[in-house]
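Notes follow the structure.
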Amino acid sequence: MPRPLVELLREKLGTQAVPHYNPLNVASIGLTAVRILGNNPNRYTWEFVNLSPSNIFVHLDNTVSAARGWLVGPSGGSLGAHWEEDFELVSGEWWALGAAAGLSFLVYEVESGGA
């Protein structure tokens, strides 16, 4: 009989994995850099999805710009990081800047939730 996903994750990670959507409660991204993920040493993975019709740029600090950051294209473009591939980059702060004001997005992280 197949085992539930929660058991498989507990076996692989040694803890429960808990998702959080938009953990910093940022309403939108605009022309000024905004922190979209805080420093979290318990984070396993995160994913960012651009829901807006304009470009968004994502970077490791508040110096994010069109020339300094990962381009996340409009209408469903995404960027993410996973601990097994991206190592310590997963746990750091992440910032975003838009090519216009009031841009919508989705960001979620999965972190350790205890035993």
Side-chain angles (χ1 to χ4, degrees):
M1 173 172 222
R3 293 181 8 206
L5 179 58
V6 68
E7 286 181 21
L8 296 172
L9 288 170
R10 221 177 252 135
E11 181 180 295
K12 180 173 177 89
L13 302 173
T15 185
Q16 182 177 349
V18 179
H20 300 282
Y21 294 90
N22 201 4
L24 297 181
N25 296 316
V26 176
S28 64
I29 294 172
L31 300 170
T32 302
V34 62
R35 191 168 59 125
I36 56 169
L37 286 168
N39 183 31
N40 183 348
N42 296 318
R43 185 182 302 130
Y44 296 126
T45 190
W46 62 264
E47 187 79 20
F48 176 92
V49 181
N50 181 354
L51 302 174
S52 78
S54 297
N55 288 334
I56 294 177
F57 302 91
V58 176
H59 192 56
L60 295 163
D61 59 37
N62 66 354
T63 64
V64 61
S65 70
R68 183 177 164 90
W70 284 271
L71 168 64
V72 184
S75 303
S78 66
L79 177 69
H82 182 70
W83 70 275
E84 289 180 305
E85 296 174 0
D86 302 301
F87 310 108
E88 292 293 323
L89 286 177
V90 174
S91 64
E93 282 190 341
W94 287 86
W95 293 72
L97 175 81
L103 303 180
S104 58
F105 70 99
L106 169 67
V107 65
Y108 75 89
E109 66 180 351
V110 178
E111 69 174 340
S112 169

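Side chains included, hydrogens not; waters and symmetry mates left out as well; all remaining heavy atoms used.
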Query - Residue pair A96 / I36: nearest heavy atoms and the distance that separates them - result: CB-CG2, 3.8 Å
Report task. Return yes if some donor-acceptor pair links the side-chain N/O of T45 with the main-chain N/O of A81 below 3.5 Å, else return no. Result -> yes
Report task. Could you tell me which residues satisfy side chain to side chain contact (heavy atoms under 4.5 Å, CB included) with V72, sequence neighbours excluded, listed by chain and number? Result -> F48, N50, V58, L79
**Report entry** side chain to side chain contact (heavy atoms under 4.5 Å, CB included) against A101, all qualifying residues, sequence neighbours excluded
**Finding:** none
Query raised in the report: Do you know the tightest heavy-atom contact between N39 and G92?
Result: OD1-CA, 3.9 Å
Report summary line: Contacts of E7 meeting side-chain hydrogen bond (donor to acceptor under 3.5 Å, both in side chains) (sequence neighbours excluded), chain-then-number -> none
Query raised in the report: At what distance, to the nearest 0.5 angstrom, does CD of E109 lie from OG of S91?
Result: 10.5 Å
Query raised in the report: If you look only at pairs with a residue in residues 22-42, which of them pass as a ring pair (Phe, Tyr, Trp, His ring centres under 6.0 Å), with sequence neighbours excluded?
Result: none
Query raised in the report: Does any N or O in the side chain of R43 come within less than 3.5 Å of the main-chain N or O of G38, such that one atom is a donor and the other an acceptor?
Result: yes
Report task. Write out all pairs satisfying salt bridge (Lys or Arg N to Asp or Glu O under 4.0 Å) with one or both partners inside residues 74-91, taking only residues at least two apart or from two chains. Result -> K12-E84
Query raised in the report: So how far is it from S104 OG to L51 CG, rounded to the nearest 0.5 Å?
Result: 4.5 Å
Query raised in the report: What about V26 and L103, same hydrophobic cluster or not, with Ile/Leu/Val/Met/Phe/Trp/Tyr joined at side-chain heavy-atom distances under 4.5 Å?
Result: yes
Query raised in the report: How close do N62 and A33 get, heavy atom to heavy atom, and via which atoms?
Result: O-CB, 3.7 Å
Query raised in the report: Distance from L24 atom CG to L37 atom CG, nearest 0.5 Å?
Result: 6.5 Å
Report task. May I ask whether V18 and V6 are part of the same hydrophobic cluster, defined by side-chain heavy atoms of I, L, V, M, F, W, Y residues being less than 4.5 angstrom apart, directly or through others? Result -> no
Report task. Could you list all the salt bridge (Lys or Arg N to Asp or Glu O under 4.0 Å) pairs where at least one residue sits in residues 67-80, not counting sequence neighbours? Result -> D61-R68
Query raised in the report: How does the hydrophobic cluster around L71 look, that is, which other residues are in it when side-chain heavy atoms under 4.5 Å mark a link?
Result: F57, V64, W95, L97
Query raised in the report: Does the side chain to side chain contact (heavy atoms under 4.5 Å, CB included) test come out yes or no for F105 and S52, once each step is laid out?
Result: CA-CA 7 Å; F105 70 99; S52 78; over 6 Å; no
Query - salt bridge (Lys or Arg N to Asp or Glu O under 4.0 Å) contacts in which one or both residues fall within residues 15-24, not counting sequence neighbours - result: none
Query raised in the report: For E47, which residues count as a side-chain hydrogen bond (donor to acceptor under 3.5 Å, both in side chains) partner, sequence neighbours excluded?
Result: S78
Report summary line: Residue pairs passing the salt bridge (Lys or Arg N to Asp or Glu O under 4.0 Å) test with at least one member in residues 18-40, sequence neighbours excluded, are R35-E93
Query - Sequence-distant partners of F87, ring pair (Phe, Tyr, Trp, His ring centres under 6.0 Å), two or more places apart - result: none
Requested in this report: Tell me, please, which residues at least two apart from W94 pass ring pair (Phe, Tyr, Trp, His ring centres under 6.0 Å).
Outcome: W46, W70
Query raised in the report: If you round to the nearest 0.5 Å, how far is OG of S54 from CD1 of I29?
Result: 11.5 Å
